[in-house]
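Worth saying up front: this structure is predicted, and the values here are computed from it rather than measured.
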Amino acid sequence: MLHVLLINTFAKPIWKRRWLWALYVALWILNFLFLDSLTTIQNLFLLFALAVFVIPHGAADFYLPAWILNPPWQKRLNYWGPTLIVTFIFATVTYAMIDLSVNFSIALFSAIIMWHWGSLDTIHIYPFRGPSWVIGSIGRGMLVVFAPLYFKPLETQELILNLIGSDRSFILNTLYSFSYYLLILAVALEVLALLVTKFVEGQGLPTMLPAHWMESIMLLLTFAWMTPLLSLTFYFLILHSLRHMARIPAYIPEARGQIYDGSGLMKNLSFYFQKTNFLTFLAVFSLAIWFIWNMYSGFSFSQSSTACLVPLILL
């Protein structure tokens, strides 16, 4: 067990997931060299992530019901009409909720983010979706939510408040006050998930556990060393989107039942882009128009870049 937790955590995962660890290290080096002081490059990085990763990964939300229930639906007006109406209703409700109560919205979205990102990060090590997966998902989700608040409190709070158009938030200040203890709890939950899968579920140690723990360490260092705009863009917008897109083809009729491993990631992403390219093009084009309009209206480059996140948050 010690060999798995200590030796494998720092040795084998480096070779099994070279491209991922190389991304982390490359971003650290770039941040130390010049990115920390160049806000324009950080915002360009954000816009690049939105156009190349976030919008394509979100396009599947419109196609998934059709793929799962009845593939031909995706070509019919009686599918796309209700789909867009439901999307508009949810976006309107979200906007109204933020406008009515910033504190409630931040608390709600924090919980959603913790589960959504955490569950996707842990499904590969707890594929049976038992108690260990639930505990591990909450632990990883808490880690990625509260680490930026703990390590870079002022910059992270400013970024969040700019997104929702508010000057202050009581709940955000409260979360920062408890961020240290919540971060400790996050690590404890990740350890508890390991104990549950071994001693309660009797599954033994997951083979991908060392790589997962190694990434938890890399994430903590990333949130501690890098500016929030860079670290949050990398994890929430790029890494999460890649993992999402790598899993979605399992729901597409032509790919259903096929298993894609790490070596098939590029093939998987290529197939995904082919299936969602039309909606992706429309969304990227609309986002470009929105960015240009904000610049034309007198907003700064940084403000216009941040404004591009707002419609995506509503979706």
Side-chain angles (χ1 to χ4, degrees), residues 20 46 49-50 52-65 67-68 83 86-87 89-91 93-95 97-98 102-149 156 159-160 163-164 171-172 175 179 182-183 185-187 189-190 193 208 212 215-216 218-220 222-223 228 231-251 268-269 272 276 280 283 309-315:
L20 180 58
L46 169 68
L50 290 176
V52 178
F53 299 101
V54 177
I55 289 177
H57 118 277
D61 293 341
F62 295 89
Y63 290 98
L64 270 177
W67 288 337
I68 295 173
T83 298
V86 170
T87 301
I89 292 173
F90 271 101
V93 170
T94 303
Y95 179 83
M97 184 174 59
I98 295 175
V102 170
N103 289 314
F104 175 78
S105 302
I106 289 178
L108 177 63
F109 282 120
S110 296
I112 292 174
I113 287 172
M114 278 190 285
W115 176 254
H116 181 66
W117 271 260
S119 60
L120 188 62
D121 278 6
T122 56
I123 189 63
H124 64 288
I125 59 174
Y126 304 115
F128 299 103
R129 305 195 180 198
S132 57
W133 174 63
V134 174
I135 297 170
S137 298
I138 296 173
R140 167 53 74 87
M142 290 178 66
L143 186 145
V144 298
V145 167
F146 295 114
L149 269 177
T156 302
L159 180 61
I160 295 173
L163 286 176
I164 59 179
I171 190 66
L172 196 57
L175 291 176
S179 59
L182 292 171
L183 196 55
L185 178 61
V187 176
L189 287 175
E190 292 229 58
M208 290 296 294
H212 178 79
E215 187 179 23
S216 293
M218 302 281 268
L219 279 171
L220 287 174
T222 300
F223 290 131
S231 62
L232 297 179
T233 297
F234 171 68
Y235 175 75
F236 287 99
L237 303 189
I238 296 180
L239 190 56
H240 169 76
S241 299
L242 284 170
R243 286 174 173 161
H244 179 91
M245 289 188 285
R247 292 183 56 82
I248 285 297
Y251 298 97
N268 214 5
L269 294 180
Y272 178 94
T276 61
T280 296
L309 275 173
V310 175
L312 297 175
I313 290 175
L314 297 180
L315 291 175

Do [X] and [Y] touch side chain to side chain, with heavy atoms closer than 4.5 Å?
X      : Y      : answer
Ile123 : Phe128 : no
His212 : His124 : yes
Leu183 : Met142 : no
His57  : His240 : yes
Phe223 : Leu232 : yes
Glu215 : Leu239 : yes
Leu20  : Met218 : no
Val54  : Ile238 : no

Nearest 0.5 Å please: distance from the [atom1] atom of [X] over to the [atom2] atom of [Y].
X      : Y      : atom1 : atom2 : value
His116 : Asp121 : NE2   : CG    : 10.0 Å
Leu50  : Leu237 : CG    : CG    : 6.0 Å
Ser241 : Tyr235 : OG    : OH    : 10.5 Å
Leu149 : Ile160 : CG    : CD1   : 5.5 Å
Thr83  : Tyr63  : OG1   : OH    : 10.5 Å
Leu185 : Phe146 : CG    : CZ    : 9.0 Å

Locate the shortest heavy-atom distance separating [X] from [Y]; write the atom from each residue and the value.
X      : Y      : value
Ser137 : Ser119 : OG-CA, 3.2 Å
Thr280 : Ala59  : OG1-CB, 3.8 Å
Pro148 : Thr156 : O-OG1, 3.1 Å
Trp115 : Val134 : CZ3-O, 4.0 Å

| request: Show your reasoning for whether side chain to side chain contact (heavy atoms under 4.5 Å, CB included) applies to Thr94 and Phe109. | output: CA-CA 10 Å; Thr94 303; Phe109 282 120; 3.5 Å; yes
| query | Ring centres of Phe236 and Trp117 under 6.0 Å apart? | reply | yes
Using modelled atom types only, decide if a donor and an acceptor are shared between the side chain of [X] and the backbone of [Y] within a distance under 3.5 Å.
X      : Y      : answer
Trp133 : Pro127 : no
Thr122 : Gly136 : no
Ser231 : Thr222 : no

| Steps toward side chain to side chain contact (heavy atoms under 4.5 Å, CB included) verdict (Val144, Met114) | CA-CA 8 Å; Val144 298; Met114 278 190 285; over 6 Å; no
